[in-house]
Amino acid sequence: VFDRLRAPAADVAEMDHVLSSGRYRVTPVVGCTNEHARRAVSEFFAAGASGELNLLYISTHGMLDADGELHFVLQDSQSDDLAGTALAAAFVYERMCAGRATSRLVILDTCYSGRFAGGLRAKSATESYAKLAKDAPDGRGMGVLTSSGETKQSFEGDGRLSLFTDAVVAGIAAGGRVTFDSLYAF
């Protein structure tokens, strides 16, 4: 059993609001099981088309299994069986790489989210990004924005939203051209 986070539902609602206010179609999924999440992630990336941007946003507990692999905690996740009951970051990465959209972006607001790039445990961030770029299908762009490093926790803060999501929302809401650098500036 995991401690219940208060921010993820509000995080998702606020991301839905700020993205829906623009030109984006948003399908929020909150409080789902591992099976539902796996199906939703697979269908999401498979439905993308050339010329589109697919943005997957995840706000939840990020936990490492005994092998140091990152998993996203869901409604039915069990701490003694993360591989069987939580959404594996490696699965999300695999589906992202197989996606059909021209551009694919994953934003992760979880502890240890820096480990996302295909379940890598690289010696440096540079190696993780090099691996992500090397594995990306030709002619397609992929990006990952994480709230923490490979060994760091993320924090909810004192407000309604997590600290990271609050900054991302502020960056998007500010308008203009949104880039990784502009979001990190917030």
Worksheet entry | F164 and T146: CA distance, side-chain angles, deciding distance, side chain to side chain contact (heavy atoms under 4.5 Å, CB included) verdict | CA-CA 9 Å; F164 177 74; T146 65; 5.9 Å; no
Worksheet entry | side chain to side chain contact (heavy atoms under 4.5 Å, CB included) evaluation trace for R104 with L56 | CA-CA 8 Å; R104 283 151 285 144; L56 177 68; over 6 Å; no
Heavy-atom pair with the smallest gap, counting every atom of [X] and [Y]:
X	Y	result
V73	M63	CG2-CG, 3.4 Å
S77	L74	OG-N, 2.8 Å
C97	M142	SG-CE, 3.6 Å

Practice prompt. Show your reasoning for whether side chain to side chain contact (heavy atoms under 4.5 Å, CB included) applies to M96 and V144.
Written response: CA-CA 10 Å; M96 179 185 185; V144 180; 4.2 Å; yes
All N/O donor-acceptor pairs, side-chain side in residues 44-52, below 3.5 Å, sequence neighbours left out:
unit_1: E52; atom_1: OE1; unit_2: A49; atom_2: N; d: 2.9

To the nearest 0.5 Å, what is the distance between [atom1] on [X] and [atom2] on [Y]?
X	Y	atom1	atom2	answer
D65	D80	CG	CG	12.5 Å
H71	F91	NE2	CZ	13.0 Å
S59	D11	OG	CG	3.5 Å
E150	R115	CD	CZ	6.0 Å

Worksheet item: Can you list the steps and then say if N54 with L105 is a side chain to side chain contact (heavy atoms under 4.5 Å, CB included)?
Response: CA-CA 6 Å; N54 279 168; L105 174 62; over 6 Å; no
Practice prompt. Apply side-chain contact (heavy atoms from CB on, under 4.5 Å) to D166 and list each qualifying residue two or more places apart in sequence or on a separate chain.
Written response: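 side-chain contact (heavy atoms from CB on, under 4.5 Å) check on D166 returns L161.
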Practice prompt. Please identify each residue that fulfils side-chain contact (heavy atoms from CB on, under 4.5 Å) with F72, with sequence neighbours left out.
Written response: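 F72 satisfies side-chain contact (heavy atoms from CB on, under 4.5 Å) with I58, T60, L70, L87, A89, V92, L108, T110, F116 only.
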Worksheet item: Is there a donor-acceptor pair closer than 3.5 Å between any side-chain N or O of D67 and the backbone N or O of E69?
Response: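 Pair absent, no side-chain N/O of D67 close to backbone of E69.
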Discussion item. I'd like to check the side-chain hydrogen bond (donor to acceptor under 3.5 Å, both in side chains) partners of T165; sequence neighbours left out, ordered by chain and number.
Written reply: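 Once residues adjacent in sequence are excluded, the partners of T165 under the side-chain hydrogen bond (donor to acceptor under 3.5 Å, both in side chains) criterion are Y57, D109, S162.
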Fill in: Residues forming a side-chain hydrogen bond (donor to acceptor under 3.5 Å, both in side chains) with S20, sequence neighbours excluded
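side-chain hydrogen bond (donor to acceptor under 3.5 Å, both in side chains) list for S20, sorted by chain: D16.
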Worksheet entry | Pair listing, side chain to side chain donor-acceptor pair (under 3.5 Å) test, anchored in residues 25-38, at least two apart |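 Sorted result for residues 25-38: E35-R39.
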Worksheet item: Can you get from L55 to V29 by hopping between Ile, Leu, Val, Met, Phe, Trp and Tyr side chains that sit under 4.5 Å apart?
Response: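 L55 and V29: separate clusters.
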Worksheet item: Given the rule in the side-chain hydrogen bond (donor to acceptor under 3.5 Å, both in side chains) test, do S148 and S113 qualify, once you have shown the distances and angles that lead to the verdict?
Response: CA-CA 6 Å; S148 66; S113 54; 3.2 Å; yes
